[in-house]
Amino acid sequence: MVKAFPRHRYTPAPMPYEPKLIEEKWQRAWSDAKVAEVDVAAPGDKFYMLNMFPYPSGDLHVGHGRNYILGDALYRYFRMQGRAALNPMGWDAFGLPAENAAIKRGIHPRQWTLSNIEREKKQFLRWGILYDWSKELASCEPEYYRWNQWLFLQLYRRGLAYRAKAPVNWCPSDQTVLANEQVIDGRCERCSTIVVQRDLEQWFLKITDYADRLDEGLDTLEHWPEKVKLMQRNWIGRSVGADVEFAVPSLSKSIRIFTTRPDTIYGATFMVLAPEHPDVAALIADNADRDEIETWIAGVRNQSNLERQEAGKEGRFTGATATNPFTNEQIPIWLGNFVLMQYGTGAIMAVPGHDQRDFEFAQQYGLPVRVVVKPANGEVPSAEESYSVKDDSAVAVDSGVISGMLIPKAIERIIEEIERLGIGRKMVRYRLRDWLISRQRYWGTPIPMIYCERDGIVPVPEEELPVELPLDVPFTGREGNPLAKDERFVNTKCPVCGGAAKRETDTMDTFVDSSWYYARFISANDSTKIFDPSLVNRWLPVDQYIGGIEHAILHLLYARFICRTLHDMGLTNYEEPFTRLFNQGMITKEGFRTASGNWVSPSEVENGVHKPTGTPVVSEIGKMSKSRYNVVPPDELIDRYGADTERVYTLFIAPPEKEAAWSDEGVVGASRFLNRVWHMGEQILALPAGGGSESAALIRKTHQTIDAVTRRFDRFEFNTAISGLMELSNAIGDALSAGADARESYAALLKLLHPFAPHITEELWTMFGNEGFILTSSWPQADTALMIEDVVTIVVQVNGKLRGQVEVPNPPEKDVVLAAIRANQKVQQWISGKEVVKEVYVPGKLVNIVVKG
RNA sequence: GCGAAAGUGGCGGAAUUGGUAGACGCGCAGGUCUCAGAAGCCUGUGGUCAUUAGACCAUGGGGGUUCGAUUCCCCCCUUUCGCACCA
């Protein structure tokens with residue numbers, strides 16, 4: 001169909017397209033008209049869309065822009081579709097970088113944060129992004145964080161917030177503890193420092209109470225990426241098994257273990273406890289090597305998790321034994337560095353025959369291996385490794401009542417037996433741990449708790465909220481939280497007895513702030529309550545949530561948890577906060593580094609050589625960062641080409657969920673496209689009034705484009721939506737060159753282009769004498785009748801190879817098609833003299849003639 | 001090690017349910033305009049062979065199903081990401 005149009009030959013009109021002039025004008029116009037402000041109480045077909053609110057670091061580059069630009073394009077599309085679309089924005093404004101800036105440069109965290117917010121807000125405006133700023137919030141303001149504190153008190157009241165001493169992750173560089181989710185490969189998520197274990201008393205939120213609901217809820221999230229759901233599922237780590245008590249004669253008590261393979265209990269030849277297990281002291285009390293064992297335990301406990309793993313498997317024999325409840329044998333109780341106190345019961349029954357870890361440990365210490373599972377087909381498993389198959393292809397052997405049973409059946413049966421004997425029960429356990437929310441840092445929400453010598457831990461009464469963060473504290477950078485040194489903050493009165501008491505000086509993990517902010521937007525200015533449940537129930541859950549994959553577990557898991565607690569408090573009527581989730585891919589850019597690994601500025605590189613030093617460099621595509629000298633700042637780009645060009649290029653570059661490499665040359669294509677659209681507008685304005693009529697071909701192309709672009713919007717296929725608009729604009733250009741009219745098609749083009757290039761389309765729309773904003777006009781409707789081609793091309797294949805094409809009137813009739821093929825010389829050459837075995841006719845598409853000989 | 005996703009021109013990428021592989025754009029080449037350049041415009045642009053007509057090859061590699069495979073199935077290779085002693 002494209003072939004019908006020769007390339008555009010129109011002459012550009014003289015008036016230049018100057019984005020600078022029109023972009024500021026329309027940004028002001030939208031803002032003055034408050035076009036994006038939504039009255040949440042007003043009726044309408046609601047659509048709540050949300051970009052994850054950013055941490056205001058101050059510098060946004062074109063990579064960040066992708067997230068917001070695609071959100072804005074969607075927002076404008078839904079507006080034009082007539083939806084009551086809400087698109088709010090706020091700031092995840094607490095956090096370490098602000099505090100570090102204070103230490104390094106003497107700027108107060110609040111001032112640093114607020115000035116960054118100002119800069120980023122300007123950047124959003126310059127990108128032409130529309131947010132409902134009347135609902136803006138910043139988590140560092142008391143108006144926001146008081147509700148964090150309120151929420152914490154509700155959780156405390158319900159037993160979901162508790163203080164406990166536990167081995168926790170400590171980042172020596174950031175001088176604070178971290179949640180499990182913030183430790184990546186044994187290192188701090190923020191600064192990559194190796195995390196060490198410390199025993200500290202800390203505040204936890206009981207997310208594990210919700211493990212099953214968080215796991216099951218994933219099944220209801222049809223519009224979430226499978227990848228994210230899988231990551232959450234793995235993180236929650238549900239496993240089904242059994243708890244079993246093993247009697248320890250020397251202690252006259254029993255030790256409980258957890259296993260997912262109770263069917264292998266006849267093969268349990270020893271037991272292993274975590275070095276931290278509470279019964280260890282009693283078990284080794286009479287051991288002659290007690291001192292050595294204790295030294296070893298202390299050593300293991302001092303290791304980071306990373307070091308522990310790198311050390312390989314190590315253990316010590318306690319000297320005590322336990323009774324295997326099924327074989328009644330005495331089996332040795334060992335300590336092992338590979339058994340984790342935080343999972344299960346901190347104790348395992350070791351079945352070296354059928355668990356690789358137990359096998360390795362047994363080999364190392366010469367412990368017996370017993371085979372109790374065999375392949376159902378009778379082959380003897382290798383002695384080199386454990387045989388851990390647990391499906392119907394394996395069978396239990398030498399295992400009392402379950403001998404001969406297929407494994408899934410054997411597991412079921414042995415659990416019945418365990419329960420009948422009263423030594424244990426079926427058990428579901430999770431890898432997920434409780435959420436550690438204490439942080440020994442200043443720039444966060446103070447935890448609203450008071451310690452009284454007489455009354456113990458006392459919550460701050462709700463009417464005394466917020467517990468405000470004092471602003472005039474010294475930032476020295478030395479160990480310890482500045483809050484803890486502020487006497488005026490720390491010293492307070494006990495709400496119960498009125499006596500002297502001390503405040504909690506830890507602040508909350510900033511992921512608490514972001515776990516419910518999406519609901520606060522609905523009541524952002526309500527100073528009397530966390531939010532208005534009736535309004536929140538109308539607007540939530542968020543219909544479309546957009547953000548980076550880096551939050552697949554952290555933020556999204558915490559938000560799903562807190563969402564359920566709000567539900568259970570009776571405040572809301574939904575369990576999942578985000579109906580649809582979209583993760584945009586990262587924008588990358590080429591950078592250059594020398595053989596020694598130093599990054600150099602691209603401006604100093606020529607033909608693969610770093611000019612100042614003469615060193616050869618290699619190109620590497622990666623994340624934009626200052627240290628790689630590959631950051632593209634939007635301001636220069638906008639000054640040169642305009643925000644509309646950046647927007648079009650950003651969405652055209654690749655499918656939005658994929659990683660994409662930014663190309664400075666590629667931007668030019670988007671700029672040319674908008675220039676052509678601009679000049680076409682001028683040409684159409686110069687057409688005589690009344691004018692001619694548009695060709696059927698152009699009308700067809702227009703309606704086909706409306707249809708395609710609409711479908712592509714619904715599927716987030718922005719790159720092909722834009723290429724479709726380029727095709728339409730090419731067709732319009734050709735029509736104009738041929739002296740034909742194209743007014744109607746052009747008007748449709750402007751509307752379809754608006755979500756991508758909002759400024760230029762508003763300007764042209766006005767130039768054509770339209771009143772109001774193109775944004776508030778309606779999305780064009782495709783007329784399917786006008787989309788139908790009057791001639792269709794039928795592809796002719798011979799033995800599956802393309803040998804010709806015939807054109808027939810639409811709709812095509814089989815007889816007509818076959819007649820056309822018989823009249824086609826080229827095709828006939830390929831079949832003449834051969835026997836036609838078969839003719840495959842795909843209506844309206846192709847004919848494949850199968851010949852022989 | 002386990003799990004997931006992906007692999008198409010020089011580059012980014014396109015291809016409803018299996019039905020013309022390479023849309024759209026970048027880059028490149030030639031042309032036009034210009035004193036010259038930039039910008040714009042026009043034409044061409046997967047590879048090999050051929051003067052042309054055209055033929056053959058080609059969607060990471062190998063097999064299979066099918067009239068027909070980028071698309072479905074099996075094996076292998078590569079890359080990226082997630083998890084990693086969770087009993």
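Note: hydrogens, waters and symmetry copies are ignored here, and every other heavy atom, side chains too, is used.
Contacts of A:S663 with the nucleic acid, taken as non-hydrogen atoms under 4.0 Å apart, are absent. Among the atoms of the strands shown, base atoms are found under 4.0 Å from some heavy atom of A:G312. Backbone-only engagement by A:K658 is indicated by non-hydrogen atom pairs under 4.0 Å involving sugar-phosphate atoms exclusively. When heavy atoms are screened at a 4.0 angstrom cut-off, A:V339 is found touching base atoms of the nucleic acid. Note on A:N848: a base of the nucleic acid sits closer than 4.0 angstrom, heavy atoms only. Across all strands shown, A:W830 has heavy atoms under 4.0 Å from sugar-phosphate atoms exclusively, and none from any base. Residue A:L340 is in base contact, counting any heavy-atom pair closer than 4.0 Å across all strands shown. Residue A:Q797 is classed as a base contact, given a heavy-atom separation below 4.0 Å to a base. Among the heavy atoms of the strands lying under 4.0 Å from A:E659 are primed sugar atoms or P, OP1, OP2 only; no base atom is included. Using a 4.0 Å heavy-atom distance criterion, A:V850 is classed as a sugar-phosphate-only contact. Note on A:L846: a base of the nucleic acid sits closer than 4.0 angstrom, heavy atoms only.
Not one side-chain nitrogen or oxygen of A:R431 sits closer than 4.0 Å to the OP1 or OP2 atom of B:rC83. Checking the phosphate oxygens (OP1, OP2) of B:rU20, no side-chain nitrogen or oxygen of A:Q805 falls inside 4.0 Å. Dashed line: the shortest gap from a side-chain N or O of A:N337 to OP1 or OP2 of B:rC85 is not under 4.0 Å. Within the 4.0 Å cut-off from OP1 or OP2 of B:rU16, not a single side-chain nitrogen or oxygen of A:R711 is found. Within the structure, every side-chain polar atom (N or O) of A:K801 is placed at least 4.0 Å from both OP1 and OP2 of B:rA69. OP1 or OP2 of B:rC41 lies within a sub-4.0 Å distance of a side-chain N or O belonging to A:R676. Close to B:rA4, at under 4.0 Å from its OP1 or OP2, lies no side-chain N or O of A:K227. Phosphate contact (OP1/OP2 of B:rA55, side-chain N/O of A:R803, threshold under 4.0 Å): present. Phosphate contact (OP1/OP2 of B:rA87, side-chain N/O of A:S239, threshold under 4.0 Å): present.
Comparing A:M349 and A:T793, the nucleotide of RNA chain B nearest to each residue sits closer to the 5' end for A:T793. Annotation: of the two residues near RNA chain B, A:N799 and A:D355, the 5′-most nearest-nucleotide partner is A:N799.
Rounded to whole angstrom, the span from the CD atom of A:E360 across to the P atom of B:rG1 amounts to 14 Å. Rounded to a whole Å, the CG atom of A:L802 is 15 Å from the C1' atom of B:rG22. Here the P atom of nucleotide B:rA23 and the CD atom of A:E717 are 18 Å apart, to the nearest Å. Distance CE (A:M427) to C1' (B:rA87): 14 Å, rounded to an integer number of Å. The distance between atom CG of A:D664 and atom P of B:rG12, rounded to the nearest whole Å, is 16 Å. Straight-line distance from the OH atom of A:Y841 to the P atom of B:rU20: 15 Å, rounded to whole Å. One atom, CG of A:L218, and another, C1' of B:rG82, lie 15 Å apart when rounded to the nearest Å. Distance CE (A:M726) to P (B:rG13): 15 Å, rounded to an integer number of Å.
In this structure, A:H555 and A:H551 have perpendicular ring planes: the angle between them is above 60°, well past the 30° mark.
With hydrogens and angles ignored, no donor-acceptor pair under 3.5 angstrom links the side chain of A:K845 to the base of B:rU16.
Side-chain atoms of A:R712 and A:D714, non-hydrogen and from C-beta on, never get closer than 4.5 Å to each other. At a threshold of 4.5 Å between non-hydrogen side-chain atoms, the residues A:E646 and A:I69 count as touching.
Of the candidate nucleotides B:rC85, B:rA23, B:rA87, B:rA87 has the atom nearest to the side chain of A:T260. Candidate nucleotides B:rA4, B:rA87, B:rG12 were compared by shortest atom distance to the side chain of A:A654, and B:rG12 ranks first. With B:rC85, B:rG19, B:rC24 as the choices, the nucleotide that has an atom nearest any side-chain atom of A:E727 turns out to be B:rC24. Here the nucleotide nearest the side chain of A:K838, chosen from B:rA4, B:rC24, B:rC67, is B:rC67. Distance from the side chain of A:R672 is smallest to B:rG40 among B:rG40, B:rG25, B:rC85. Ranking B:rA87, B:rG25, B:rA23 by closeness to the A:T259 side chain, first place goes to B:rA87. For A:F652, the listed nucleotide lying nearest its side chain is B:rG25; candidates were B:rG25, B:rG3, B:rA87.
The main-chain N or O of A:A782 is never found under 3.5 Å from a side-chain atom of A:D707 such that the two would form a donor-acceptor pair. With A:T720 contributing its side chain and A:E717 its backbone, the two residues share a donor-acceptor pair below 3.5 Å.
Taking atom P on both B:rA21 and B:rU32, the two are 36 Å apart, rounded to the nearest angstrom. Taking the C1' atoms as reference points, B:rU8 lies 32 Å from B:rG1, given to the whole Å. A gap of 16 Å separates the P atoms of B:rG18 and B:rC67, to the nearest Å. For the C1' atom pair drawn from B:rG60 and B:rU80, the interatomic distance equals 15 Å after rounding to whole Å. For the C1' atoms, the distance linking B:rG13 with B:rA84 amounts to 35 Å, nearest Å.
Ion pairing between a basic and an acidic side chain is recognised when a charged N comes within 4.0 Å of a carboxylate O; A:D243 and A:K426 show no such pairing.
Stacking of A:K313 on the aromatic ring of A:F338 is recorded, both the 6.0 Å distance cut-off and the 45° axial limit being met. Figure legend: A:R431 and A:W235 shown as a cation-pi pair, the cationic atom lying under 6.0 angstrom from the six-membered ring centre and within 45 degrees of its axis.
A syn base is found at B:rG9: its glycosidic angle is within 90° of 0.
Base pairing of B:rG40 is made with B:rU32, judged by Watson-Crick or G-U wobble geometry with both donor-acceptor distances under 3.5 Å. Pairing for B:rA23 is absent, judged as Watson-Crick or G-U wobble with the two contacts each under 3.5 Å. With a cut-off of 3.5 Å on both Watson-Crick or G-U wobble distances, the partner of B:rC49 is given as B:rG54.
For the residue pair A:W662/A:E590, the side-chain donor-acceptor check at 3.5 Å is not satisfied.
When each of A:T705, A:V709, A:L725, A:T702 is checked for a side-chain contact (heavy atoms from CB on, under 4.5 Å) with A:L749, only A:L725 meets the rule.
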